[in-house]
Protein chains: 4
Amino acid sequence: MTAAGERPLPERLLAVATRLFAENGYEGTSVQEIVRAAGVTKGAMYHYFAAKDDLLYEIYHRLLALQTERLRRLAGGAGPAEERLRAAAVDVIETSVAHLDELTVFFRSMHLLPAEKQKAVRAERRRYHECFRALVEEGQREGTFRAGVPADLAVNFFFGAVHQLSTWWHPDGPLDAGAVGEYYVGLFLDGLRKDGGLGEGSG
Amino acid sequence: MTAAGERPLPERLLAVATRLFAENGYEGTSVQEIVRAAGVTKGAMYHYFAAKDDLLYEIYHRLLALQTERLRRLAGGAGPAEERLRAAAVDVIETSVAHLDELTVFFRSMHLLPAEKQKAVRAERRRYHECFRALVEEGQREGTFRAGVPADLAVNFFFGAVHQLSTWWHPDGPLDAGAVGEYYVGLFLDGLRKDGGLGEGSG
Amino acid sequence: MTAAGERPLPERLLAVATRLFAENGYEGTSVQEIVRAAGVTKGAMYHYFAAKDDLLYEIYHRLLALQTERLRRLAGGAGPAEERLRAAAVDVIETSVAHLDELTVFFRSMHLLPAEKQKAVRAERRRYHECFRALVEEGQREGTFRAGVPADLAVNFFFGAVHQLSTWWHPDGPLDAGAVGEYYVGLFLDGLRKDGGLGEGSG
Amino acid sequence: MTAAGERPLPERLLAVATRLFAENGYEGTSVQEIVRAAGVTKGAMYHYFAAKDDLLYEIYHRLLALQTERLRRLAGGAGPAEERLRAAAVDVIETSVAHLDELTVFFRSMHLLPAEKQKAVRAERRRYHECFRALVEEGQREGTFRAGVPADLAVNFFFGAVHQLSTWWHPDGPLDAGAVGEYYVGLFLDGLRKDGGLGEGSG
DNA sequence: TATGAATGAGTTTTCATTCAT
DNA sequence: CATGAATGAAAACTCATTCAT
């Protein structure tokens with residue numbers, strides 16, 4: 001079941017590359033190392049990925065596609081904006097923690113992507129950002145969140161904190177992923193909320 | 001006055017390296033490019049810096065030394081913890097924005113430092129973090145901030161947001177540095193405050 | 001038939017490197033010069049040899065493997081020890097002269113090998129030395145050679161002379177390789193023989 | 001008494017260089033390392049030695065001058081040639097062992113000297129060799145040594161063994177320098193002596 | 001589909017030496 | 001006598017990528 005060839009090669013290559021990039025950096029990992037760790041040869045890799053940076057692009061692209069789809073579903077639901085925003089914020093933290101390597105690798109190395117790929121990924125990111133921002137603005141219009149803070153900035157504030165999670169959080173540390181999510185979302189929403197609120201943080 | 005040799009060479013090299021690292025990444029900038037931009041030869045650079053990564057280390061080490069010294073002064077002052085924390089938070093944003101290149105370069109590339117330099121910088125960072133955290137804890141003991149949030153986590157939350165500033169903020173954008181600072185500090189402190197707070201962030 | 005690609009590249013590279021090392025020294029020969037002389041690129045060389053010192057190791061390792069195998073065959077033959085020792089001594093001189101460049105290069109430059117490669121080659125050398133020494137000791141037990149000289153030292157004495165052959169002998173000189181071999185072996189065996197001098201070595 | 005400046009600087013530099021060259025090779029030792037170990041700066045070294053290879057030349061030149069002078073004295077004495085040759089052979093081993101680093105360094109690295117310095121040292125060496133050879137020839141004329149061996153070759157044979165001493169001999173080993181000298185001289189002279197074996201060398 | 005030999009431009013770093021002070 | 005900043009040329013080695021098979 002866990003035989004060498006279990007997963008399709010492209011997936012295996014991406015998984016291996018993600019791990020190595022997270023450990024040694026994108027530039028610190030050679031194509032040779034990737035294919036060796038995946039148990040194939042260079043030719044095989046170049047058959048599926050036109051260039052090394054395709055791996056980097058694909059790594060983040062897939063995570064972002066996943067997160068975007070989930071966000072769309074949560075944001076489009078019913079109920080007050082605050083509830084939907086909370087659910088979305090919790091979700092983005094959960095998936096981010098579940099794919100911390102991917103996130104780390106990308107934010108460290110996106111500047112190494114060739115211009116057009118960088119543009120593509122930025123566009124995808126922007127779509128995600130906009131969707132999230134819309135929720136904040138909805139909450140502001142509803143009066144739950146104070147209007148004095150630009151929604152854009154608030155979203156950047158929150159995402160900034162999330163994207164840096166890997167600089168300090170570790171699965172073996174005292175806080176599990178769920179707790180971090182609750183605390184972060186609490187800090188974020190309480191910072192936004194009009195009446196402050198008694199924010200319960202984690203349970 | 002602004003002749004080629006105005007500033008001492010080591011300073012000039014660091015300034016040039018910072019700019020180039022910010023533009024093209026640490027790995028994307030060759031030593032050749034650095035010395036060409038500084039108008040000297042490689043030998044001159046290696047006379048002052050034992051390795052390329054010394055530049056990276058020094059860039060962040062100097063910023064962190066500056067910020068730490070300022071933090072110590074602000075944290076050690078009189079008045080309620082909240083006021084000192086606010087001042088410290090505003091200050092770290094101001095100096096971070098004033099040295100955004102340094103910050104960006106470091107958080108993108110610290111993983112490329114050799115182990116012992118990484119350790120050194122982590123230790124310096126930890127001292128800064130501890131000092132900031134102590135302020136949060138003081139506020140919690142005073143009853144200004146709610147105790148339900150681990151101070152450590154709150155500091156990481158805020159610093160995460162700050163360290164990612166360069167991914168979206170630009171001096172030519174609609175928000176000036178001061179405004180961003182006020183908004184960020186407002187979001188952070190309101191997220192922490194016990195009674196939610198009426199804090200309107202920036203005026 | 002003697003086209004550029006006649007021999008496999010690794011062999012060609014070793015041959016070229018041997019010649020250049022002998023002419024200009026190991027340190028005085030750049031990888032660039034080797035590959036230029038072999039008509040390939042650096043990448044090609046590093047495809048087969050992980051480092052420049054691999055060439056040096058391989059050069060001597062191959063010669064030593066050849067000599068060891070021949071020594072084993074001669075030493076293991078029948079007849080009195082003296083005859084076998086003579087044959088072995090003649091053989092080591094013949095093959096040494098036939099591969100004088102290899103020998104020269106190695107004894108000049110083995111100290112430049114990284115520790116573990118140096119250890120490896122020393123171990124191989126020791127095996128060769130032991131086999132030769134056993135022959136001397138056999139001759140001493142048989143009574144042909146005087147027992148007053150440590151066999152170890154005698155072997156080092158002889159090999160020292162052989163390994164320095166390239167400092168004075170030249171194929172175009174007055175003595176051909178066979179003559180040198182006979183003289184050297186004569187000097188060595190007569191020095192060892194019982195009815196030789198009265199000299200008991202040290203007092 | 002043993003203060004830093006005890007010996008004149010040139011001597012100190014040569015001593016330090018000899019040790020470092022013996023430990024790490026000539027090319028593996030930088031001028032920087034030499035002057036650091038001697039506690040001076042580069043300028044000071046270049047004040048006394050025009051180039052790095054001057055150190056190498058001087059190291060061997062001084063040893064050779066010493067040995068030549070001693071040889072002249074011993075060779076020019078009275079008594080049978082064999083006695084004088086024995087004394088000279090013992091002496092060259094003693095001084096060689098006493099200056100093993102110098103010898104090692106030179107035979108490893110003379111090929112790195114610029115052509116004219118190489119020529120100079122070869123000429124000095126040849127004078128030494130000639131003087132030694134004359135003793136052998138005298139012994140052959142006197143009838144003590146067999147005439148069948150070219151004196152030149154015999155001297156090269158012996159010197160080869162001596163020059164390789166450092167590849168196996170160590171002051172802490174079981175044999176002290178005097179013992180090695182006696183054995184080596186014994187092997188050499190017995191190999192030469194007429195009533196030694198019947199070996200007529202090559203046919 | 002996949003191999004693996006080969007490319008070629010590039011990297012960081014080293015180092016003997018010079019020269020103004 | 002001595003300093004030490006600066007030079008400039010070269011060194012070993014790396015690596016993403018290609019291509020004939």
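These values consider heavy atoms only, across backbone and side chains, with no hydrogens, waters or symmetry-generated copies.
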What is the distance, to the nearest angstrom, from the CG atom on N24(C) to the P atom on dA11(F)?
11 Å

Would you list the protein and nucleotides 14-17 of chain E atom pairs, both N or O, that sit under 3.5 Å from each other?
unit_1  : atom_1 : unit_2 : atom_2 : d
dA16(E) : OP1    : K52(D) : NZ     : 3.1
dA16(E) : OP2    : V31(D) : N      : 2.8
dT17(E) : OP2    : Y46(D) : OH     : 2.8
dT17(E) : OP2    : K52(D) : N      : 2.9
dT17(E) : O4     : K42(D) : NZ     : 2.9

If the plane angle is over 60° it's perpendicular, under 30° parallel, otherwise tilted; pick one for H163(C) and F107(C).
parallel

Can you measure H47(C) atom NE2 to dC19(F) atom P for me and round it to whole angstrom units?
17 Å

Rounded to whole angstroms, how far apart are CZ on R12(C) and C1' on dA6(E)?
12 Å

Nearest whole Å is fine: how far is dT3(E) P from R36(A) CZ?
15 Å

Side-chain donor-acceptor pair under 3.5 Å between E102(C) and S96(C), yes or no?
no

When you compare dT1(E) with dT21(F), how far apart are their C1' atoms, in angstrom units rounded to a whole number?
13 Å

Within the structure shown, what part of the strands sits under 4.0 Å from F49(B) by heavy-atom distance: base, sugar-phosphate, or nothing?
nothing

Can you tell me which nucleotide in dA2(E), dG4(F), dT7(E) comes closest to the side chain of V40(C)?
dT7(E)

Could you state the atom-to-atom distance from CG of L56(B) to P of dT12(E) in whole Å?
13 Å

Under-4.0 Å side-chain N/O to phosphate OP1/OP2 contact, Y48(C) with dA6(E):
yes

Taking the inter-plane angle between the rings of Y26(C) and F21(C) on a 0 to 90° scale, is it parallel (under 30°), tilted (30 to 60°) or perpendicular (over 60°)?
perpendicular

Taking a pair to mean Watson-Crick or G-U wobble geometry with both distances below 3.5 Å, dT21(E) pairs with dA2(F)

Under a 3.5 Å cut-off for both distances, is dT12(E) Watson-Crick or wobble paired, and to whom?
dA11(F)

If I take atom CE from residue M110(C) and atom CG from residue L113(C), how far apart are they, to the nearest 0.5 angstrom?
7.5 Å

D54(C) atom CG is separated from dA12(F) atom C1', nearest whole Å, by 13 Å

Is the closest side-chain donor-acceptor distance between Q118(A) and R122(A) under 3.5 Å?
yes

Should R108(A) and R108(B) count as side-chain neighbours, where that means a heavy-atom distance under 4.5 Å?
no

Rounded off to whole Å, could you give me the CG-to-C1' distance for the L9(B) and dA6(F) pair?
9 Å

Selection residues 47-64 of chain C - residue pairs positive for salt bridge (Lys or Arg N to Asp or Glu O under 4.0 Å), sequence neighbours left out
E11(C)-R62(C), D53(C)-K117(C), D54(C)-K117(C), E58(C)-R62(C)

Using whole Å, what does the distance between atom C1' of nucleotide dA10(F) and atom CD1 of I34(C) come to?
15 Å

